[in-house]
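Structure first, then comments.
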Amino acid sequence: MKLFLGFLLVFNGFIHAVSVFGSDILTSRDFAYGYILKVQEEGAVYSLPIPNEVYRTVRRADLGDISIFNGAGEEVPLAVRSIQADDEKTRTAESVPFFPLYTAVNGIDNMSLSVRRDTDGTIIDIDSRLDKQQSAARPIGYLFDLGEHRQNVGHLEIFWEDDSKQSSSVVRIEQSSDLQRWSPFVYKATLVHLEYEGNTVVQRNIQLPRKPERYLKLLWEQGGNPLAVNKVTAFSQPLVSRQNMQWVSLYNGVKNRENGFTTIDYSSGYRLPARSIRLRFTEPNSIIKASVQSRSDDKSEWREQCRTVFYTLQVQGETLESEPCTFNNSNHSEWRLVVLDDGAGISA
C-alpha cells in the first residue's frame, strides 16, 4: 500500500537553504545548499514554486532558514506565502433544472421531445413519448438546462432516490446547443451508492471534459440500472492550485498495532507543505476507514489531519477511487495511517 502527499507552495524569489549562521551579515557561502534562479525579464518581484529539493534541506518548520542573494551577493527580501484556499469554498455551485425523459417500448432511438422555452432559452416544460402502460417505470434519462452560466462548469453532482442503499449505474452524456442536434460529450461515467460493513461509498460526480453546451442529456447505458434523480448541482472549475497539485509517494510504511488499531507509519524525509492525502491499494476491491495523522518529529504528539473512507472498487467494469483527503497545509515530516475499519485485509 502506498501513501501520497499532495502539496503546493508559492513564494516570491529564490533561495539558498540550510543556513550556518556565523556572522551578522550573511553571504551565500554561509549556506550548505544553493539553487540559482535565472529570470527571463527584469523586474522588482519574482514569484515561483519552491523546488522539491529545497524541502529536503531545510531544518526549520517555518522555512526560516532560507535566504535570497542577488548577483552582487547581497541578501534581498524574501516572502513565503502558501496557498491556503479551500477549493470547495471558493468554487461556485448552481442548482440545475432537470426533466425526466421517457420512451416507448421500441427504445431510445424512437424518443421524441416537445420542449417549451421562454425568450432566453430556459426550458419551462417538456413532453417525451411515454407508453401509458409504462408510466410507473423510471425514466430512461434526464434533460439538463445549464443556463447561460455554463462556461465555467467543471463537473456535475447527481443525487437520486436510494431505497436499497446498494445502487449503481453507468451513464453517458450528450450535449446540444439547440435541442435538435446532439453529440457525445461524456462517453462513460459511473454513479454509485454502496454500503459495506458500516462504510459508505458514494460517487455522485461526473467530470466534464471541456466547456459544455447549454443542454445536456443524461442517459443510462444499455442494461444499466435507472436511477430516480432528485437533484443536480453544477460546480465551477477547480482553482488553479488544485489543478497544479503535485504528488509525492511515501513508500515502506511500518505497520504496528497500537491501542487495538493497526497503524502504518511513513516518513517523508522533508517538510513538504502537504494539504491532501490519497491512498493506493495493491489489490482491487479494497476499502478501509482510516485516520490520517502527522507530527513534526518523533518527540511530538500525533495530530489528526482528517479521517475518511479510502477505497478502490470495480463496479460494472469501471474502477472507482476515493477522493483525496484534504486538510489545512501541514509541513510535518512524519505521517501515520490509523486503520479504524479494515475491509482490505491489511490488518492481518
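Fair warning: this is a prediction, and the values are worked out from it, not measured in the lab.
Cluster annotation: L337 is not connected to W302 through the hydrophobic network of ILVMFWY side chains, with a link wherever side-chain heavy atoms come within less than 4.5 Å. Under the 4.5 Å side-chain heavy-atom criterion for ILVMFWY residues, a single connected hydrophobic cluster contains both V153 and F98. When hydrophobic clusters are built by joining Ile, Leu, Val, Met, Phe, Trp and Tyr residues whose side-chain heavy atoms come closer than 4.5 Å, directly or via intermediates, V202 is not grouped with I287.
Nearest heavy atoms, S291 versus Q293: OG-NE2, 3.3 Å. Taking each heavy atom of W160 and Q203 in turn, the nearest pair found is CH2-O, 3.8 Å.
Separation of atoms CD (Q305) and CD1 (I277) is listed at 8.5 Å; rounding is to 0.5 Å. Taken to the nearest 0.5 Å, the CG atom of L179 stands 8.0 Å off from the CG atom of D145. Atoms CD and CZ, from Q175 and F185 in turn, are 4.5 Å apart once rounded to the nearest 0.5 Å. Atom OG1 of T308 is separated from atom CZ of F310 by 6.0 Å, given to the nearest 0.5 angstrom. Expressed to the nearest 0.5 Å, how far CZ of R303 lies from CZ of F327 amounts to 11.5 Å. In this structure, L313 CG and S286 OG are separated by 8.0 Å, a value rounded to the nearest 0.5 Å.
Put simply, the side chain of Y311 never gets that close to the backbone of V201: no donor and acceptor are under 3.5 Å apart. Remark: side-chain polar atoms of D265 are not paired, donor with acceptor, to backbone N or O of E334 under 3.5 angstrom. A donor-acceptor pair is defined here as one N or O able to donate and one able to accept, closer than 3.5 Å; such a pair exists between the side chain of S236 and the backbone of T92. Remark: side-chain polar atoms of S177 are not paired, donor with acceptor, to backbone N or O of E213 under 3.5 angstrom. One N or O on the side chain of W220 and one on the backbone of P139 form a donor-acceptor pair closer than 3.5 Å. Judged purely by atom type and a 3.5 angstrom limit, S169 has no side-chain atom pairing as donor or acceptor with the backbone of P226.
The number of heavy-atom neighbours closer than 6.0 Å to CZ of R210, taken from other residues, nucleotides and ligands shown, is above 12. Counted within 6.0 Å of CD on E301, heavy atoms from surrounding residues, nucleotides or ligands total 12 or fewer; the atom is thus considered open.
Annotation: side chain of E321 is not in contact with side chain of R278 (no heavy-atom distance under 4.5 Å). Looking at heavy atoms from C-beta onward, L146 lies in side-chain contact with L156 at the 4.5 angstrom threshold. With a 4.5 Å cut-off on side-chain heavy atoms, K255 and T262 count as touching. For the pair L279/I288, a side-chain contact is recorded, criterion being any heavy-atom separation below 4.5 Å from C-beta on.
A donor atom on one side chain and an acceptor atom on the other are not found under 3.5 Å apart for S330 and R275. If you check the side chains of S276 and T326, you find a donor sitting under 3.5 Å from an acceptor. Checked by atom type, the side-chain pair T233/E94 shows no donor-acceptor distance below 3.5 Å.
A salt bridge links E174 with R172: the closest approach of a Lys/Arg side-chain nitrogen to an acidic carboxylate oxygen falls below 4.0 angstrom. A salt bridge does not link E157 to K231: none of the charged nitrogens lies less than 4.0 Å from a carboxylate oxygen.
None of V96, I206, N205, N230 except one satisfies the side-chain contact (heavy atoms from CB on, under 4.5 Å) rule with I158; the exception is I206.
Chaining together hydrophobic side chains whose heavy atoms lie under 4.5 Å apart leaves F159 on its own. Taking a 4.5 Å side-chain heavy-atom cut-off between Ile, Leu, Val, Met, Phe, Trp and Tyr, the cluster of F261 extends to V338, L340.
Evaluation of the side-chain contact (heavy atoms from CB on, under 4.5 Å) rule for S300 yields R295, S296, D297 as partners, not counting sequence neighbours. A search for side-chain contact (heavy atoms from CB on, under 4.5 Å) contacts involving S176 returns D178, W182, not counting sequence neighbours. Under the side-chain contact (heavy atoms from CB on, under 4.5 Å) criterion, T190 pairs with V170, V192, V315, E318, L320, not counting sequence neighbours.
Among residue pairs with one or both ends in residues 257-339, those qualifying as disulfide bond (SG atoms under 2.5 Å apart) are C306-C325; sequence neighbours excluded.
Taking the six-membered ring where the residue is Trp, W335 and H332 present tilted rings, their angle falling between 30° and 60°.
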